[in-house]
Amino acid sequence: MIAMVDCNSFYASCEQVFRPDLWGKPVVVLSNNDGCIIAANKEAKQLAHIPMFEAVYKIKHILIENKVTFFSSNYTLYGEMSQRVMNILETFSPSVEVYSIDEAFLDVKGLSYIDMRMYGFEIKERIYRYTGLPVGVGIAPTKVLAKLANRMAKKIPKHEHVYVMDTDAKRIAALEWADIGDIWGIGRKHVKRLQAIGVFKAIDFVKLPLAWVRKEMTVVGERLWKELRGESCLEFMAVPNPKKAIGTAKSFGQKLPDLGRIEEACAYYITEVAEVLRAQKSCATYIHVAVYTNYHSTIDKQYSNRITVTMPIPTNDTFALIAQARKALHHIYKPGFRYKKVAVNLTGLIPEHYVQGNLFEKRSKISDSNLMHTLDVLNRKFGKTTVSSAMIGTRVEEWELIKKERSPRYTTQWRELMKIGV
DNA sequence: TCTGGGGTCCTAGGACCC
DNA sequence: TCTGGGGTCCTAGGACCC
């Protein structure tokens, strides 16, 4: 059996933990740049028609009329709260797969002597008591079924956020209950095609011939089909695989016509991704750089372009990566446009001790790992850009993201601790 | 004026190798 | 008349997830 634990309206719940005055009230969280809605608690979902991913400026009046509190996203806070939840889960099973910032699978196959429903409630209650965050727990024989059990735990009130699918009769009942689009891994496109041939419920899907599923939905669909029938196909990954790509692509706070600011933003993003790269002890072979104008705009001239460069020797040296990214950017930048976004992506990631040198470059010239290590230590201790490349410049506020309504970073900054009383 | 960001996996087709 | 067969690597595009 596998348990699936996931936090309810995670971002909104994190905000509410530190704001008792908002308990029971509608709360939404906005995307980077305060562009659209990415999370809403159940009060906000009930209250008004608030479509997820809707542009904020279009529905701002609805939010204000309904007294919905909105926050800019505060990933520092969410990441740290997530860590707390995962730490608690580690005490429930020796084998935990952290699937996303707010979800994890627990391998519970060795716990057959325990009452699974009690176990689920214990998880739910302990996490709430220790963190203030509400969670749902679904327990079932496969991952896809555990996801489904988790959904039932939350959607069917009598289950009180804990549901155990431990018999075949319960599995069949679940498949009869679930719409095809409720199944993890079946997205919009497939829902349309399935409905077109009369498949509306999960039970209809598992009755389809496997050959059809394989042909129309590839091996991905085949796995889902088998998992829903109780045959486990998705590997349990207690140890995460190293990332195959590390990238970032953020919109600017304002549109930028000049190469200078874009170069600075690009250098900054490279600095960020290079830190992640070193944290997983990898080196990158390729850098992809792309620029975009605002494709929503009807008045701006549109342009976007991308380029891939190969590093002479795979590296995780921030300065070497910035130098190459800068050259790449010069290739694709064209004057006369108002740019909205620059994206950088590192791929061809290999473990740092497997890096193959080449005859013509001296390795020490390409990378100085002591320097990088010192940089990481300093920035971790004293703050993000305590020591960084001068390419980043000093005009960060001219391109950085807009976050007007960000809550305090209660758990990671002394100056932003929660205050009680007057 | 204002519309997110970071990922994974799979397949087909082209280029190339022996 | 008749022009092989087995393979790898890479990229772009599609679909999906949170």
Side-chain angles (χ1 to χ4, degrees), chain A residues 4 6-11 28-39 51-61 63 70-75 78-79 82 97-105 143-144 147 150-151 180-194 213-224 233-235 237 240-255 269 272-273 276-277 280 285-286 288 290 292-300 306-308 310 338 340-349 401-405:
Chain A
M4 200 308 124
D6 121 319
C7 302
N8 307 344
S9 320
F10 181 59
Y11 295 171
V28 300
V29 177
L30 311 181
S31 68
N32 275 333
N33 255 359
D34 294 347
C36 61
I37 294 180
I38 55 168
M52 227 38 112
F53 303 106
E54 182 61 281
V56 172
Y57 76 96
K58 282 188 188 165
I59 55 160
K60 198 143 195 175
H61 61 282
L63 298 180
F70 49 94
F71 291 95
S72 303
S73 34
N74 183 347
Y75 290 106
Y78 311 149
S82 169
E97 174 184 337
V98 177
Y99 178 70
S100 76
I101 194 164
D102 74 326
E103 302 171 56
F105 291 102
K143 280 184 165 181
V144 176
K147 266 283 209 186
N150 182 289
R151 186 179 185 84
I180 186 68
D182 293 343
I183 301 303
W184 183 44
I186 297 185
R188 272 206 329 270
K189 295 275 165 70
H190 284 317
V191 167
K192 247 190 167 169
R193 295 167 66 197
L194 287 164
V213 174
R214 169 82 210 204
K215 186 159 168 278
E216 300 294 324
M217 301 172 69
T218 76
V219 65
V220 179
E222 178 172 350
R223 283 185 204 131
L224 289 176
C233 298
L234 300 178
E235 202 187 338
M237 286 191 294
N241 288 333
K243 288 198 174 96
K244 293 175 177 169
I246 299 171
T248 186
K250 295 190 193 94
S251 300
F252 306 127
Q254 51 185 297
K255 290 174 191 151
Y269 296 150
E272 279 188 343
V273 292
V276 179
L277 185 66
Q280 85 162 30
T285 313
Y286 309 103
H288 311 265
Y292 307 89
T293 51
N294 180 4
Y295 60 87
H296 291 294
S297 172
T298 49
I299 49 172
D300 282 320
R306 67 182 73 185
I307 189 169
T308 301
T310 307
R338 303 201 305 154
K340 181 65 179 166
K341 189 196 273 193
V342 61
V344 300
N345 211 358
L346 305 179
T347 63
L349 308 188
L401 300 164
I402 297 165
K403 284 178 178 282
K404 281 194 190 127
E405 307 291 340

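Here is how names work: the chains are called A, B, and so on, in the same order as the sequence lines, proteins then strands, and each is numbered from 1.
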Q: Salt-bridge test for K255(A) and D300(A): reply yes if a basic N is under 4.0 Å from a carboxylate O, no otherwise.
A: yes

Q. First contact, last contact: which nucleotides of DNA chain B are these for chain A, 5' to 3', heavy-atom distance under 4.0 Å?
A. dC2(B) to dT11(B)

**Q.** salt bridge (charged side-chain N to carboxylate O under 4.0 Å, His left out) partners for E405(A), two or more places apart
**A.** none

Q) Which comes earlier along DNA chain B counting from the 5' end, the contact point of A245(A) or that of K58(A), where each point is its nearest nucleotide? A) K58(A)

Q: Classify the nucleic acid contact of N33(A) as base, sugar-phosphate or nothing, counting any heavy atom under 4.0 Å across all strands shown.
A: nothing

Q.
Any non-hydrogen side-chain atom of Y286(A) less than 4.5 Å from a side-chain atom of L346(A)?
A. no

Q: Select base, sugar-phosphate, or nothing to describe what K60(A) touches, counting heavy atoms under 4.0 Å on all strands.
A: nothing

Q: Scan R338(A) against the nucleic acid and name what it touches under 4.0 Å (heavy atoms): base, sugar-phosphate only, or nothing.
A: nothing

Q. At under 4.0 Å between heavy atoms, what does I101(A) touch on the DNA or RNA strands: base, sugar-phosphate, or nothing?
A. nothing

(Q) Need one value for I246(A): base, sugar-phosphate or nothing, where a base atom within 4.0 Å counts as base even if backbone is also close, heavy atoms only. (A) sugar-phosphate

Q. Within the structure shown, what part of the strands sits under 4.0 Å from F10(A) by heavy-atom distance: base, sugar-phosphate, or nothing?
A. nothing

Q.
Could you tell me if the side chain of N32(A) sits less than 4.5 Å from the side chain of Y75(A), heavy atoms only?
A. yes

Q) Is E54(A) touching bases, backbone alone, or none of the nucleic acid, heavy atoms closer than 4.0 Å? A) nothing

Q: For nucleotides dC17(B) and dG4(C), find the distance between their C1' atoms and express it as a whole number of Å.
A: 14 Å

(Q) Categorize T248(A) for me: base, sugar-phosphate, or nothing, with a 4.0 angstrom heavy-atom threshold over every strand shown. (A) sugar-phosphate

Q.
Regarding K404(A), tell me which of base, sugar-phosphate or nothing describes its non-hydrogen contacts under 4.0 Å with the strands shown.
A. nothing

Q. Picking from N33(A), N294(A), V342(A), what satisfies side-chain contact (heavy atoms from CB on, under 4.5 Å) with F252(A)?
A. V342(A)

Q: Using a heavy-atom cut-off of under 4.0 Å over every strand shown, decide if K147(A) touches base, sugar-phosphate, or nothing.
A: sugar-phosphate

Q. Under a 4.5 Å cut-off applied to non-hydrogen side-chain atoms, are T347(A) and T308(A) in contact?
A. no

Q. Which residue lies toward the 5' end of DNA chain B, D300(A) or M237(A), if each is placed at its nearest nucleotide?
A. D300(A)

Q) Do the non-hydrogen side-chain atoms of V29(A) and I37(A) ever get within less than 4.5 Å of each other? A) no

Q: Just do the salt bridge (charged side-chain N to carboxylate O under 4.0 Å, His left out) check on K404(A) and D34(A) with the steps written out, would you?
A: CA-CA 8 Å; K404(A) 281 194 190 127; D34(A) 294 347; 5.9 Å; no

(Q) Over all strands shown, is N294(A) touching base, sugar-phosphate only, or nothing at heavy-atom distances under 4.0 angstrom? (A) sugar-phosphate

Q: Measure the acute angle between the ring planes of Y11(A) and Y78(A), then classify it against the limits of 30° and 60° as parallel, tilted or perpendicular.
A: parallel

Q: With heavy atoms under 4.0 Å as the rule, sort R223(A) into base, sugar-phosphate or nothing.
A: sugar-phosphate

(Q) Between N150(A) and E103(A), is there a side-chain heavy-atom distance shorter than 4.5 Å? (A) no

Q. How would DNA chain B look in dot-bracket form, 5' to 3', counting Watson-Crick and G-U wobble pairs with both distances under 3.5 Å and writing | for bases paired to another strand?
A. ....||||||||||||||

